[in-house]
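One structure is given here, and the rest of the page talks about it.
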There are 2 protein chains.
Amino acid sequence: MSKEIHQRLKEIIAATAPGERLLAEPKLAEQLGVSRATLREAMRIFETRGFLRRRQGVGTFVVRPTQVIESGLEVLESIETLSDRIGLSVAMGDCQLVDCVADEVIAEKLGVEQGSKTLRISRVILADERPAAFLVDTLRPDVLAPEEVGTNFKGSVLDVLLKRGDPPLKHSRTEINAFAADSDVARALDIQRGDSVLHFESLLYTIEDEPIDYSLSYFLPGYFKFHVVRRVG
Amino acid sequence: MSKEIHQRLKEIIAATAPGERLLAEPKLAEQLGVSRATLREAMRIFETRGFLRRRQGVGTFVVRPTQVIESGLEVLESIETLSDRIGLSVAMGDCQLVDCVADEVIAEKLGVEQGSKTLRISRVILADERPAAFLVDTLRPDVLAPEEVGTNFKGSVLDVLLKRGDPPLKHSRTEINAFAADSDVARALDIQRGDSVLHFESLLYTIEDEPIDYSLSYFLPGYFKFHVVRRVG
DNA sequence: CAGTGGTCTAGACCACACG
DNA sequence: GTGTGGTCTAGACCACTGA
């Protein structure tokens, strides 16, 4: 049943001009002859592919094709630098700076004592006025003070560090995974719990191989296109 | 509500020995004081993190911690070679060889005429007797004949080509994304529709930069750990 | 066969956006 | 206030597994 609805939805989306609203869920469900739950289940696939966008209290819209931010993973670049280079404009949404105490995981990653102070920077990146990425950096406090972030912060910790030039940075090690959004990520990216996002877990090292920034990134599929060239043997 | 259930589920899972079964969904839902739908929604997160495994007609089990297959993405290696090197055993599940006609996408990717013949190899990779990856390769027919795949095929097209040594291969370009499983992928990996998987879309090139293999890979989170080193600037 | 997860239904209430 | 999507409920039937 749901597979059939998937197909019919596909046709409906194709027949709807980008930016236009779909029928309200109860009406659409009735028209398709299924329950709202089934309809929503079928819609989920299209949401996470970036074809539909739901907005509570407003409606469900067919997404305007947006320019994707494409990048190779061999070089570490901030999303801001990247989009500048491509000629795309992104903005920063919610940004929070919080002093945190290192839990076990953080302590091990950053090589600091458990319970020591760290700086956590969370923010949302908007592309096309829509949340497209959610970034959480946790930094050693001796590396960056909150004041340095304050004004003119565009969303990239990397760019701040690079601009300052100290400490000199070498590379990051990034683990890549898929991830079902939990409540926090879902709220930040304005999606539903359980929707899939691309997840990077990354450690940034100085040229002396000291880890200084542990960062978690969550990317909405459809807005980014990361690639890597893999050589044979 | 569901966030609270999430927390309680976490405790229940932690208190259950790996390999053990949870209570049946209706009972567990009643015990937690929520509907079955809500319980299932909360479970979804744990499934896609690899902590729970559902089996229709049998029950829901706490997953035994399995060794993850970890690999850098800079070098192209088959899962089989990889797991051999790590000392892990994987097996091939369902394998299908099908002659296909190139649609528009395939034709463009492989640089062949639309409508020309291609060979499609689909198979499932089992780790710990559980589907962990679903791979679909589409090859130019002049590159590989079905007979060459037939016997002794362990699941890796790459290994077959490398062993033969002709044509010589250079690299692959791989795009990385998250992906909500559609019915086909869900069935192959024995998960629910909509669950998130890691998705690679990859083109394999010869040393003469001819594309010969277009491959789609779907990885169950929790069984693989892919990483990449990104150098600064 | 009985018991499990997979799917679907019809209805309800809520939080939210917008006029 | 009205209409939207977000969430939850109680119940039903199905397909599948294993004894």
Side-chain angles (χ1 to χ4, degrees), chain A residues 1-6 8-9 16 20-48 51-63 129-131 180-195, chain B residues 1-6 8-9 16 20-48 51-63 129-131 180-195:
Chain A
M1 174 104 264
S2 152
K3 190 159 189 175
E4 182 190 326
I5 296 302
H6 179 88
R8 305 229 355 226
L9 248 187
T16 306
E20 288 301 298
R21 220 194 68 191
L22 296 185
L23 281 182
E25 290 185 359
K27 289 180 186 172
L28 191 51
E30 189 192 351
Q31 183 177 312
L32 293 173
V34 295
S35 74
R36 216 182 129 201
T38 303
L39 171 62
R40 284 175 62 81
E41 177 62 32
M43 282 178 147
R44 167 168 244 149
I45 305 283
F46 292 102
E47 288 179 71
T48 67
F51 296 121
L52 287 183
R53 161 105 195 263
R54 290 170 144 142
R55 289 203 286 161
Q56 186 170 2
V58 187
T60 301
F61 298 83
V62 175
V63 168
E129 298 182 359
R130 197 224 188 289
D182 54 32
S183 328
D184 294 334
V185 172
R187 192 175 333 107
L189 289 178
D190 194 13
I191 57 179
Q192 286 183 263
R193 252 184 305 119
D195 284 358
Chain B
M1 174 104 265
S2 152
K3 189 158 189 176
E4 183 190 324
I5 296 301
H6 180 88
R8 307 240 341 236
L9 248 187
T16 306
E20 288 301 298
R21 220 195 69 192
L22 296 184
L23 281 181
E25 291 185 358
K27 290 181 186 172
L28 191 51
E30 189 192 352
Q31 182 178 313
L32 293 173
V34 295
S35 73
R36 216 182 128 201
T38 303
L39 171 62
R40 284 175 63 81
E41 178 61 33
M43 281 178 147
R44 168 168 242 148
I45 305 285
F46 292 102
E47 287 178 72
T48 67
F51 295 120
L52 288 182
R53 161 106 196 261
R54 289 170 145 139
R55 290 202 288 159
Q56 186 171 1
V58 187
T60 301
F61 298 82
V62 175
V63 168
E129 299 182 358
R130 196 226 187 289
D182 55 32
S183 330
D184 294 334
V185 172
R187 191 175 335 105
L189 290 177
D190 194 13
I191 57 179
Q192 286 183 264
R193 252 184 306 118
D195 283 357

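Proteins come first, then strands; the chains are lettered A, B, ... in the order of their sequence lines, and each starts at number 1.
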Inter-axis angle, terminal five-pair segments of the helix from C/dC1-D/dG18 to C/dC18-D/dG1 [nearest 10°]: 10°
So if I take residues 21-37 of chain B and measure heavy-atom distances to DNA chain D, which residues fall below 4.0 Å? B/G33, B/V34, B/S35, B/R36, B/A37
Is there a side chain to side chain contact (heavy atoms under 4.5 Å, CB included) between B/L9 and B/I45 once you walk through the steps? CA-CA 10 Å; B/L9 248 187; B/I45 305 285; over 6 Å; no
A/D190: which residues meet the side chain to side chain contact (heavy atoms under 4.5 Å, CB included) condition with it, sequence neighbours left out? A/R53, A/R130, A/P131
List the residues meeting side chain to side chain contact (heavy atoms under 4.5 Å, CB included) with A/R8, not counting sequence neighbours, and say none if there are none. A/L32
Sorted by chain and residue number, the side chain to side chain contact (heavy atoms under 4.5 Å, CB included) partners of A/E4 (sequence neighbours excluded) come out as A/M1
Could you measure the distance from the CZ atom of A/F61 to the CG atom of A/L52? Nearest 0.5 Å is fine. 11.0 Å
Heavy atoms only, 4.0 Å cut-off, all strands: where does B/Q192 land among base, sugar-phosphate and nothing? sugar-phosphate
Are the side chains of B/M43 and B/L28 in touch, meaning some heavy atoms are under 4.5 Å apart? yes
Just checking A/R187: base, sugar-phosphate only, or nothing, at a heavy-atom cut-off of under 4.0 Å? nothing
Contacts of A/E25 meeting side chain to side chain donor-acceptor pair (under 3.5 Å) (sequence neighbours excluded), chain-then-number -> A/R36, A/R40, A/R54
Would you call B/D195 and B/L189 a side-chain contact if the rule is heavy atoms closer than 4.5 Å? no
Partners meeting side chain to side chain contact (heavy atoms under 4.5 Å, CB included) with A/D184 (sequence neighbours left out): A/D182, A/R187, B/K3
For B/T60, give me all partners under side chain to side chain donor-acceptor pair (under 3.5 Å), at least two apart in sequence or on another chain. none
Ignoring hydrogens, what is the shortest heavy-atom contact between B/A180 and B/G194? Give both atom names and the distance. CB-O, 3.8 Å
Protein proximity profile, nucleotides 14-19 of chain D - base contact B, sugar-phosphate-only contact S, no contact -, cut-off 4.0 Å on heavy atoms: -BBB--
Between which nucleotides of DNA chain C, 5' to 3', does chain A make heavy-atom contacts below 4.0 Å? C/dC8 to C/dA17
Under the rule for ring pair (Phe, Tyr, Trp, His ring centres under 6.0 Å), what residues qualify as partners of B/F46, not counting sequence neighbours? B/H6
